[in-house]
Amino acid sequence: MFRKIFIILLVLALAGCTKSGEENVKTGIVGENQPITRAEAARMAALNSYTLEEINSMERKIAFEDTDISKWYDKYINAAFSCGIIAGVDNEHFAPDEYLTLRQAQFLLDKLKADNKVKLQYDPEDKDKPIPYNIWVTAFEKDMNTQKLKACELKVYADKNQWGKLGDNMVITELGVTCYDGYENIRTDDEISAIVNGNVIAALKSINRVTEFENMEVAEKGDNYIKVKVTGGVRKFNVGENNVEVGNVVGIIVEEDSYQIK
C-alpha cells in the first residue's frame, strides 16, 4: 500500500512539473518512489540562495526543539529559515526527518522563484501526502537559481579511505574536494549525477558505479601500484605489475574487485 501511494504521486507530480509542449525531465535513481525529508529540502533551498561559506558564517537564529548544531542539516535549516524560504511545522518544531508534503513542496517552490512557473498537480485530498525525492528534485531543478546551482556528472576518485584528510562528508571529484551533507553514502568509484553549488552537492540525482577512468596522468609508479593526478591531489590504484612510466596518460578499467590499466 505504501509503495503504491508513491507510484501514484510519481505520476501526479510529474504531470504538474511539465510545461505545455515539454517532455518530462528524466531523473536519476536516487530516491525513486521514496519520500524526501524536510531536512534534505532545507539543504537544497539553502544552497539555492547561499554558498556553503555564507551558510557556515550565519548567526544561528533557529530555536526548534528537534534540531541542534551537531546535526548535519542544522546549518541548512537555519539558513533557509532565516531568509524566509522555509518554516517549521509549528513554532517549536521543524520536523527535519519527517517527509516533505505536496503542499509544503509547492509552497517551497513558490518561495524559490518569484514567477512560480513550476506547479504540482494533485487532488486536494492528497495535499498532505509526501512527495518522492526524485520528483522533488525534478521540480527543484526547473525552479533553481542557475546563478548559484548547476547540474553535472561527476566521478568520485577518493573518499576518506584513500585520503585520511577527508572528512566523512567529503570526496574528491572533478571539482576537487567536494562536500556532501546528507543520508546517502557516496563511495570511491561512484559516478554521480548531481546539482552543485560550487564544490558542494545540493542534490543527488543518480549514483552508479564507474566502469572506467580515462586520461589520467601517472604521478608515481610502484611495483604493484600507480598514483595518478586528480583535481586537488592524487589517487592510488593497485594494478599489479605494469610498464607505465611517470608522465604517461593512462586509462583505468574498474572491475569487480580490482583495477586494470587500459
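Being a predicted model, the structure only gives us computed values, none of them experimental.
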S.K.: Can you give me the closest heavy-atom contact between Lys155 and Glu174, atom names plus distance?
M.R.: N-OE1, 2.8 Å

S.K.: Can you give me every donor-acceptor pair (side chain of residues 77-92, partner residue at least two apart or in another chain, under 3.5 Å) with its distance?
M.R.:
unit_1 : atom_1 : unit_2 : atom_2 : d
Asn78  : OD1    : Lys61  : N      : 2.7
Asn78  : OD1    : Ile62  : N      : 3.3
Asn78  : ND2    : Glu59  : O      : 3.0
Ser82  : OG     : Asn78  : O      : 2.6
Asp90  : OD1    : Glu92  : N      : 2.8
Asp90  : OD1    : His93  : N      : 2.7
Asp90  : OD1    : His93  : ND1    : 3.0
Asp90  : OD2    : His93  : ND1    : 3.3

S.K.: Using salt bridge (Lys or Arg N to Asp or Glu O under 4.0 Å) as the criterion, list what pairs up with Lys229, not counting sequence neighbours.
M.R.: Glu217

S.K.: Between the side chains of Asp74 and Thr67, is a donor N or O closer than 3.5 angstrom to an acceptor N or O?
M.R.: yes

S.K.: Is the backbone of Asp181 close enough, under 3.5 Å, to the side chain of Asn169 for a donor and an acceptor to pair up by distance?
M.R.: no

S.K.: Is there side-chain contact between Val230 and Met216, with at least one heavy-atom pair below 4.5 Å?
M.R.: yes

S.K.: Got a sec, which pairs hit ring pair (Phe, Tyr, Trp, His ring centres under 6.0 Å) with one end in residues 159-203, sequence neighbours left out?
M.R.: Trp72-Tyr183

S.K.: ring-ring contact (aromatic ring centres under 6.0 Å, His included) with Phe213: which residues, sequence neighbours excluded?
M.R.: Tyr157, Phe237

S.K.: Any donor-acceptor pair under 3.5 Å linking the side-chain atoms of Tyr76 with those of Glu40?
M.R.: no

S.K.: Taking side chain to side chain contact (heavy atoms under 4.5 Å, CB included) as the definition, give me every residue that meets it alongside Met170, ordered by chain and number, with sequence neighbours left out.
M.R.: Leu166, Val177

S.K.: With sequence neighbours excluded, what pairs up with Asn248 under the side chain to side chain contact (heavy atoms under 4.5 Å, CB included) test?
M.R.: Val218, Val244, Glu245, Val250

S.K.: Do Asp190 side-chain atoms and Ile192 backbone N/O form a donor-acceptor pair below 3.5 Å?
M.R.: no

